[in-house]
Engineer: 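Take a look at this one; I'll ask things after.
Below, chain A is the first sequence line, B the second, and so on; all start at residue 1. Note: hydrogens, waters and symmetry copies are ignored here, and every other heavy atom, side chains too, is used.
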2 protein chains.
Amino acid sequence: METRELRYFVAVAEELHFGRAADRLGIAQPPLSRTIAQLEHRLGVALLTRTSRKVSLTAAGAVLLAESRAILGAVAAAERRTRTVDRPSLVLAAKAGGSGELLAKLLDAYAAEPGAVEVDLLLCEAHTSQPLLDGRADVALLHEPFDSTAGLDVEPLHTESQFAIVASSHPLAGAERLRMADVADLPELVRWPEPDGSYLPGPGVEVHNLTQLFQLIALGRAVAVMPEVVRPGLGEGLAAVPVVDAPKVTTVIAWPPHSRSRAVADLVRVATGFS
Amino acid sequence: METRELRYFVAVAEELHFGRAADRLGIAQPPLSRTIAQLEHRLGVALLTRTSRKVSLTAAGAVLLAESRAILGAVAAAERRTRTVDRPSLVLAAKAGGSGELLAKLLDAYAAEPGAVEVDLLLCEAHTSQPLLDGRADVALLHEPFDSTAGLDVEPLHTESQFAIVASSHPLAGAERLRMADVADLPELVRWPEPDGSYLPGPGVEVHNLTQLFQLIALGRAVAVMPEVVRPGLGEGLAAVPVVDAPKVTTVIAWPPHSRSRAVADLVRVATGFS
DNA sequence: GGCAGCGATACCCGGCCGGTATCGATACGG
DNA sequence: CCGTATCGATACCGGCCGGGTATCGCTGCC
């Protein structure tokens, strides 16, 4: 299996449409059809079921899609790491708006290290682990249990409890403390995007980032349960009420398991040092 | 980067010789030279330094070699998992001669599970984690701290202390208990192969598997420190003496982080259930 | 039943992959 | 010090494969 075939397959599996997939790949549709057919032939398994109106994934196709994404991510990561080995630098992914203070402390402490290299920040709206898997980043600050840490090495840094963020005018804003049951079935709960950027069907507003979320909450259109770190970022018109039985959130530093980078090891050591 | 290029590069990086690498790949030397040169050109980095007498890896080349091995392993794994999704089966890697009883218990308990699939055993001489990384196995029984568990999800099953295995006629055979210092610099210690099958230079006999090792020990040519599990497999002429300060050995069950297989989850649950 | 959308098929072209022949450099032996 | 063997690079050629256009066949829909 060549990465070209995997790229082609991922495009078709994601679009579920040969024409659009070919378009996205910048090639014509017939060679794409042919390549997928060859791939299926060599594997001896059907990856897609096609009628002339609809394309869908088989079980084998679903497996290969997941595997292919991981592989293509690893290839991109390998490429970047190979390219940048001579001019060392470090890309740190973090959630925009989250863990501001921790991040500042970490960057300062690391910069004071002997042999520290330049650190580039990659601020994500959501799915902070994604850049780690596709090679855009070397290290990430993640929040368990929200972010997936599958396939990554992690060290916990900090654990904190969660708060309900509501509009000041919301009936719950005056409460001393809340329980999950108090917020679990409010109609104003929101939906975050899936890793591929799509949204599962269901009730609640589709939300892209924290700023947008806070605006919605201030307007009384949404309610969210979030860790303590976001509190300093709350503006006017928002209130944070402790949710005593919400799961604790752990901030972890994560990196790819095979990382041999001196810089990553230093940063992790510094981070765990003052946790 | 195509997997073809990575396969070619790995061959050259491992052989450090274009001719032999081309031979191993079943192609002629000139296209191999050309492909590597193209790869370097596209990456904008030198991967190898060549004189007409010697080829060696650059820092970038060392990085790409490690990454490439992981990628090629992931590709092979993806292929096998995609192929076998419709006729589910499970390949379990374990060290030949190690953990025999635990293995039998595990297989029996899993077979009794509803929805259990066929389990194929892959018995390894050493480096049991390798088949997991290159896709030949779905689950493995590993022994920390001997086996590398980098990049794998693990659950500990069992911890045990270590014994020195010596010939009955050996001066140490009569001891009640030993310390690491007693065996650390015996001339009869052995060398195990590296993951690539080669042996680091140094003193001691090169050893391939347990049977061979036991034979060497019985002949008084070797001494080894090993976990308790091997005891039942010891034959005549061998003695096991506790080494009180040797690191504890933990048997773990390990699987690739992105595994979505129902069968793997079941097996892990069964294994951790009776640990 | 005509039509539009979509994947498959047929066929052609150009580039790339792999082959052979050879060169240039280097270590080594006489 | 020079001949020689070894090894990677270069030059050049042929065939295959990846990508293009044109078209077919099927299917759901007005």
Side-chain angles (χ1 to χ4, degrees), chain A residues 1-62 64-65 68 71-72 75 79, chain B residues 1-62 64-65 68 71-72 75 79 82 198:
Chain A
M1 293 198 299
E2 292 301 314
T3 61
R4 185 185 62 91
E5 300 173 306
L6 299 184
R7 279 194 306 274
Y8 285 14
F9 173 69
V10 168
V12 177
E14 285 180 354
E15 300 284 345
L16 292 176
H17 188 293
F18 280 75
R20 277 197 300 276
D23 205 26
R24 180 171 129 186
L25 293 165
I27 64 171
Q29 169 259 318
L32 178 57
S33 288
R34 193 177 58 197
T35 301
I36 302 293
Q38 282 171 354
L39 183 58
E40 288 178 308
H41 185 71
R42 266 213 309 282
L43 288 173
V45 185
L47 301 171
L48 301 161
T49 54
R50 321 96 148 117
T51 69
S52 66
R53 307 300 298 172
K54 196 164 183 301
V55 175
S56 55
L57 280 174
T58 64
L64 188 62
L65 175 59
S68 299
I71 290 170
L72 295 178
V75 169
E79 201 163 323
Chain B
M1 291 198 299
E2 292 302 313
T3 62
R4 184 183 65 90
E5 299 173 306
L6 299 184
R7 280 194 306 274
Y8 285 14
F9 173 69
V10 168
V12 177
E14 285 181 355
E15 300 284 345
L16 291 177
H17 189 294
F18 280 75
R20 278 196 300 275
D23 206 26
R24 179 170 130 189
L25 293 165
I27 64 171
Q29 169 257 319
L32 178 58
S33 289
R34 194 178 56 197
T35 301
I36 301 293
Q38 281 171 355
L39 182 58
E40 288 179 307
H41 184 73
R42 265 213 309 283
L43 288 173
V45 185
L47 301 171
L48 302 161
T49 55
R50 321 101 148 112
T51 69
S52 66
R53 307 301 297 172
K54 196 163 181 301
V55 175
S56 55
L57 280 175
T58 64
L64 187 62
L65 175 58
S68 298
I71 290 170
L72 295 176
V75 169
E79 200 163 326
T82 305
S198 71

Engineer: dA25(C) C1' sits how many Å from Phe18(B) CZ, rounded?
Structural biologist: 15 Å

Engineer: Rounded to the Å, how far apart are Glu15(B) CD and dG8(D) P?
Structural biologist: 11 Å

Engineer: Got Leu57(A) and Leu48(A) here, is their nearest side-chain heavy-atom distance under 4.5 Å?
Structural biologist: yes

Engineer: Could you state the CZ-P distance from Arg20(B) to dC7(D), rounded to the nearest angstrom?
Structural biologist: 7 Å

Engineer: Leu32(B) has an atom CG; how far is it from atom C1' of dC16(C), in whole Å?
Structural biologist: 16 Å

Engineer: Base, backbone or nothing for each nucleotide of nucleotides 18-26 of chain D, written B, S, -, heavy atoms under 4.0 angstrom, 5' to 3'?
Structural biologist: BBBBB---B

Engineer: Quick one: does Met1(B)'s side chain get under 4.5 Å of Leu43(B)'s, heavy atoms only?
Structural biologist: yes

Engineer: Give the rounded distance in Å between these two atoms: CZ of Arg42(A) and C1' of dC17(D).
Structural biologist: 12 Å

Engineer: Could you check how far NZ of Lys54(B) sits from C1' of dC28(C), rounded to whole Å?
Structural biologist: 17 Å

Engineer: Expressed as a whole number of angstroms, how long is the span from Ile36(A):CD1 to dA8(C):P?
Structural biologist: 10 Å

Engineer: Check this for me: does any side-chain nitrogen of one of Glu14(B) and Arg20(B) sit under 4.0 Å from a carboxylate oxygen of the other?
Structural biologist: no

Engineer: Between Ser33(B) and dG8(D), is there a contact of a side-chain N or O with OP1 or OP2 at under 4.0 Å?
Structural biologist: no

Engineer: Output the rounded distance in Å from CZ (Arg50(A)) to C1' (dG28(D)).
Structural biologist: 20 Å

